[in-house]
Amino acid sequence: MSTALLSTADELHARVRHGRRAVVMTMGALHEGHATLIRAAREAAGPDGEVVVTVFVNPLQFGAGEDLDRYPRTLDADLKLAEQAGADAVFAPSVDEVYPGGEPQVRVSAGPMGERLEGASRPGHFDGMLTVVAKLLHLTRPDAALFGQKDAQQLALIRRMVRDLDFGVEIVAVPTVREEDGLALSSRNRYLSPGERRTALALSRALFAGRDRHAAQEALRARAREVPSTQARAEALSAIGESRAAADAHAVATAAPGGPAAVRAAARQVLDEAARFDPPLRLDYLALVDPADFTEIGDDFTGEAVLAVAARVGTTRLIDNLPLTFGAAS
């Protein structure tokens, strides 16, 4: 299969469509994480459908002092990777094509959710992101659009925009792709020196520590629920040691701090240690939030949550997250 390279909306609209169209939006510098998205889009489109990959470095998403000029442009390599992953077309428009006449006067506002976490660290970022996603959805006219879970707040905001503004497109989330050492794949990883990369691994280790602490607490509580309900049953089970095991589990589950506070503490410990590394990790935020609005969850929270972290290592800013479930659904 030969992947078409398109640079104008007219070229894209002139393509004859058969079946579903699935789009993957990128800023280029494609890696295996993007390839995973493209392969998922191929499945979503079906054998008779079409996969379109957009490559556009959106200036509206970059604030003062951020790396717009430094951001890698590797279109030839991007086209090759997209073709190998199963894309039918790469749409790589110029800034003038996307924003004719200059920066748009009318933009999409991310609202209160866009002012938290990443939005607080990068004011205006999500307004710029939603504006270009809205434009690219109109330009590509897909049936489905696929986004990675690594950018969890971005994904949540896109879903909200599509729902609130009736875009009529299916938004599909694809799990985060990690390198063998656990670091989440990112175009910015290439900026890390060997020493900085070793420090950067603290992001994923912190998330895994929080996840493991949560899993251990849930396992203890599940075991505690098996404590014999009557004295007679307890005495009968004591012969094989079950009552002692259940009592131990109950004691640990009751005494040990659990829930969201324990998850935050376990992750924070890893990040605090990394702050003393050479080079150090400079934490931006660690948050355990409700994905519906990205507000911090309380200790009595039940349901789906996101453990998210952002930090700088050297001059490179990295983000990562993991989904967790609290309560009976666990």
Side-chain angles (χ1 to χ4, degrees), residues 1-5 21-46 49-58 61 67 70-92 118 129 133 136 140 142 144-155 158 171-208 211 306-311 313-314 316-323:
M1 180 186 72
S2 178
T3 299
L5 177 61
R21 173 179 284 175
V23 67
V24 174
M25 297 184 188
T26 83
M27 293 207 299
L30 304 189
H31 49 63
E32 181 56 30
H34 296 109
T36 299
L37 284 167
I38 297 168
R39 289 191 289 267
R42 181 77 271 159
E43 293 185 11
E50 181 182 49
V51 174
V52 176
V53 177
T54 69
V55 175
F56 180 66
V57 182
N58 178 31
Q61 290 176 231
D67 54 357
R70 186 185 175 204
Y71 198 88
R73 274 82 165 172
T74 57
L75 184 57
D76 289 342
D78 294 344
L79 183 62
K80 182 177 179 180
L81 184 146
E83 184 172 77
Q84 292 173 342
D88 297 289
V90 168
F91 178 49
E118 284 298 292
M129 179 276 295
V133 168
L136 290 173
T140 59
L146 291 85
F147 297 90
Q149 290 180 343
K150 185 178 82 70
D151 297 298
Q153 193 171 2
Q154 169 181 284
L155 172 62
I158 291 170
I171 302 300
V172 180
V174 178
T176 300
V177 178
R178 299 184 180 277
E179 300 190 41
E180 290 185 3
D181 57 10
L183 190 67
L185 279 173
S186 169
S187 302
R188 291 186 169 93
N189 291 354
R190 67 186 65 195
Y191 301 146
L192 298 170
S193 69
E196 289 171 343
R197 185 184 176 89
R198 287 191 293 271
T199 296
L201 292 176
L203 272 75
S204 56
R205 286 205 307 270
L207 297 178
F208 298 155
R211 177 199 61 191
V306 174
L307 179 62
V309 63
V313 183
T316 304
R317 186 175 185 275
L318 301 170
I319 63 172
D320 202 350
N321 71 84
L322 277 180

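For Q61 (side chain) and M129 (main-chain N/O), no donor-acceptor pair under 3.5 Å exists by modelled atom type. Put simply, the side chain of S193 gets close to the backbone of E196: a donor and an acceptor are under 3.5 Å apart. Looking at T26, its side chain does come within 3.5 Å of a backbone N or O of T54 through a donor-acceptor pair. Side-chain atoms of D88 do not come within 3.5 Å of backbone N or O of V53 as any donor-acceptor pair.
Note: S187 OG to H34 NE2 = 5.0 Å, rounded to the nearest 0.5 Å. Going from atom NZ of K80 over to atom CG of D78 covers 12.0 Å, rounded to the nearest 0.5 Å. Going from atom CG of N58 over to atom OH of Y71 covers 11.0 Å, rounded to the nearest 0.5 Å. Rounding to the nearest 0.5 Å gives a distance of 8.0 Å between OG1 of T36 and CG of L185. Atom-to-atom distance recorded for L183:CG and L192:CG is 7.0 Å, nearest 0.5 angstrom.
Heavy atoms only, all atoms of each residue included: E32 and V177 are closest at CG-CG1, 4.4 Å. Residue L146 comes nearest to A22 through the heavy atom pair CD1-CB, 4.0 Å, listed as atom of the first residue, atom of the second, then distance. Closest of all the heavy-atom pairs between V306 and A152 is CG1-CB, 4.2 Å. T176 and Q149 make their closest contact through OG1-C, 3.6 Å (heavy atoms, listed as atom of the first residue, atom of the second, distance). For R188 against T316, the heavy-atom pair with the smallest separation is O-CG2, 3.6 Å. Closest approach of A200 and L318 over heavy atoms only: CB-CD1, 3.7 Å.
The residues R42 and E50 are annotated as not salt-bridged, no charged nitrogen and carboxylate oxygen being separated by less than 4.0 angstrom. By the 4.0 Å N-to-carboxylate-O rule, R197 lies close enough to D181 to be salt-bridged with it. A salt bridge links D320 and R178; the closest N-O separation between the charged side-chain nitrogens and carboxylate oxygens is under 4.0 Å.
V23 is not listed as a side-chain neighbour of F91, based on a closest heavy-atom distance of 4.5 Å or more. Residues I171 and F147 meet the side-chain proximity criterion, which asks for heavy atoms closer than 4.5 Å. Looking at E179 and N189, their side chains come closer than 4.5 Å, going by heavy atoms from C-beta outward. Contact annotation: the side chain of V52 never approaches that of V90 to less than 4.5 Å [non-hydrogen atoms, C-beta and beyond]. Looking at R73 and V57, their side chains come closer than 4.5 Å, going by heavy atoms from C-beta outward. P72 places a side-chain heavy atom less than 4.5 Å from the side chain of Y191.
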**OP:** Could you go through the side-chain contact (heavy atoms from CB on, under 4.5 Å) check for L79 and L30 one step at a time?
**Re:** CA-CA 9 Å; L79 183 62; L30 304 189; over 6 Å; no

**OP:** Would you check, one step at a time, whether the test side-chain contact (heavy atoms from CB on, under 4.5 Å) holds for R211 with L307?
**Re:** CA-CA 9 Å; R211 177 199 61 191; L307 179 62; 6.0 Å; no

**OP:** Could you walk me through whether V51 and I38 pass the side-chain contact (heavy atoms from CB on, under 4.5 Å) test, one step at a time?
**Re:** CA-CA 7 Å; V51 174; I38 297 168; 4.2 Å; yes

Subject >> Worked check of side-chain contact (heavy atoms from CB on, under 4.5 Å) between V309 and I319 >> reply: CA-CA 6 Å; V309 63; I319 63 172; over 6 Å; no

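Of the residues listed (Q154, Q153, R317), the one engaging E118 in a side-chain hydrogen bond (donor to acceptor under 3.5 Å, both in side chains) is R317, and it is the only one.
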